[in-house]
Amino acid sequence: MALMKVKFDLKKRVKLAQTVWFMYWFAVMAGVLVFSMGLFFKIELRKRSELMDNNESHFLPNLLIFMGLLACGINALGGKICYDSLDPAKFAKWKPMLKSFLVLCVGFNCLLVLTALLCFLMRIPMQFTLAEGLRNSMKFYKDTDTPGRCYMKRTLDLMQMEFRCCGNDNYRDWFEIQWVSNRYLDFSAKEVKDRIGSNVDGQYLMDGVPFSCCNPSSPRPCIQLQMTNNTAHYSYDHYTEELNVWKRGCRDAMLSYYGGMMNTIGALVLLVTILEVAVTVGLQYVDSSLSTLANPDDPESESEGWILEKTMKETFTDIMDKMKAMGKGSKVEEGDEAAVATVS
């Protein structure tokens, strides 16, 4: 018994073909949107590639671009088939390849679901990439005279101001690295000698942060140096005082930005998948309704359309039987080849 069988006359078949044709061209636009989102995501990754040590993965945006282009091609072809189904003579040339095209559509829909899942899951590797990249980038903040790193200070400052964040996990990350270049240190000063001498790595560490960590909304002038020294500032206690630097870490801020982008793209791809499933089902109805005309010579005769010619269980059993038959056939061929080789 066919799954979801529907009876059609000429008027219903024409209306079905026109509806599915319209849906296919709407799906072409959805494919363009997926392509555009993939391209936008790739550009956003490239813009901040230095902050990820150039280790960011472009697999997902490349996959989105590919799926967008593939969607445009498949849906344009599907729209053409639906348009030609209104003319029996034109539809006859598509008939031999229609089953294969429907299988291709089902496979494409499965790939879309996988792409959507990747959009939601890529947040995990992104978190580790950002953590490692930001940690290394902060070490190069002071290297304004080093070729290849001279723009790292500018990049980090702009990033902290744009995302309203400070450090990797929080502002205290700046306390653990030397972010002031030796070029701007007076090595004859006692304070500088003491700080460098007290550090096993010979680094000039201090309880301060770059200016880009300052929160402009704070009513108090920015306290970015000697942040843990209560006596260095009037009416100040760093344990209870509302600090006027950004408290949020940049890893969390950037992960929220890229994670939100990937979740949005994933939701969009799922919506596109629903549309693709709908047009695939519609094309199957068009194909089956034209294949079961009561009188093939009379286009106005009634017909039946279905999603599957048999029930789900029967269809699955048939597929498994065909796969087993193919497996046995390949084994027989291998056995024949072995026998021929033995004789020779």
Side-chain angles (χ1 to χ4, degrees), residues 2-40 61-116 119 264-293 296 298-309 315:
L3 180 65
M4 297 183 70
K5 184 164 61 174
V6 180
K7 289 189 176 293
F8 290 93
D9 54 21
L10 177 61
K11 185 178 179 181
K12 286 183 178 180
R13 284 196 299 271
V14 171
K15 188 174 182 179
L16 172 66
Q18 290 175 339
T19 302
V20 177
W21 174 82
F22 175 78
M23 290 173 64
Y24 260 120
W25 287 108
F26 188 72
V28 169
M29 300 307 297
V32 173
L33 185 58
V34 172
F35 171 82
S36 302
M37 293 297 286
L39 193 61
F40 174 74
N62 289 339
L63 179 62
L64 288 167
I65 291 171
F66 171 74
M67 294 301 287
L69 291 173
L70 193 59
C72 291
I74 288 176
N75 291 319
L77 181 58
K80 175 63 175 173
I81 292 173
C82 284
Y83 182 79
D84 287 349
S85 68
L86 299 173
D87 185 343
K90 290 182 178 180
F91 184 71
K93 67 179 182 180
W94 296 111
K95 191 63 182 172
M97 59 165 286
L98 202 49
K99 294 294 183 186
S100 300
F101 180 73
L102 285 167
V103 172
L104 173 65
C105 291
V106 172
F108 175 67
N109 294 340
C110 294
L111 278 176
L112 278 175
V113 173
L114 180 62
T115 303
C119 288
T264 301
I265 295 174
L268 171 67
V269 174
L270 283 178
L271 290 175
V272 173
T273 305
I274 294 172
L275 177 60
E276 291 292 344
V277 170
V279 295
T280 302
V281 170
L283 184 60
Q284 170 62 14
Y285 271 117
V286 171
D287 178 34
S288 55
S289 64
L290 289 172
S291 302
T292 58
L293 287 171
D298 181 13
E300 296 186 5
S301 60
E302 291 189 349
S303 62
E304 293 180 343
W306 54 71
I307 295 178
L308 293 175
E309 192 171 358
T315 303

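Throughout, numbering of the chain's residues begins at 1 and tracks the sequence. Source: prediction; values computed, not measured.
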Can you list the steps and then say if Met37 with Leu64 is a side-chain contact (heavy atoms from CB on, under 4.5 Å)?
-> CA-CA 7 Å; Met37 293 297 286; Leu64 288 167; 5.5 Å; no
Within 6.0 angstrom of [X] [atom1], more than 12 heavy atoms from elsewhere:
X	atom1	result
Phe101	CZ	yes
Phe108	CZ	yes
Lys93	NZ	yes

Closest non-hydrogen atom pair, [X] against [Y]:
X	Y	value
Ala116	Gly266	CB-O, 3.8 Å
Cys119	Ile265	SG-CG2, 3.9 Å
Ile65	Gly38	CG1-C, 3.8 Å

Name all residues meeting the side chain to side chain contact (heavy atoms under 4.5 Å, CB included) criterion together with [X]; count only those two or more places apart in sequence or in a different chain, and write none if there are none.
X	result
Thr264	none
Leu63	Phe59, Met67, Thr115, Leu118
Lys15	Thr19
Leu102	Thr280, Leu283, Gln284, Asp287

One should read off an interatomic distance between Leu16 CG and Lys12 NZ, to the nearest 0.5 angstrom, of 11.0 Å
Between CD1 on residue Ile81 and NZ on residue Lys95, distance to nearest 0.5 Å = 11.0 Å
Could you check Val272, Asn109, Val106 and say which one makes a side chain to side chain contact (heavy atoms under 4.5 Å, CB included) with Val277?
-> Asn109
Listed pairs under 3.5 Å, donor-acceptor, residues 26-34 side chains, sequence neighbours left out:
none

Residue pairs passing the side chain to side chain donor-acceptor pair (under 3.5 Å) test with at least one member in residues 21-35, sequence neighbours excluded, are none
Pair listing, side chain to side chain donor-acceptor pair (under 3.5 Å) test, anchored in residues 61-77, at least two apart = Lys42-Asn62, Asn75-Glu276
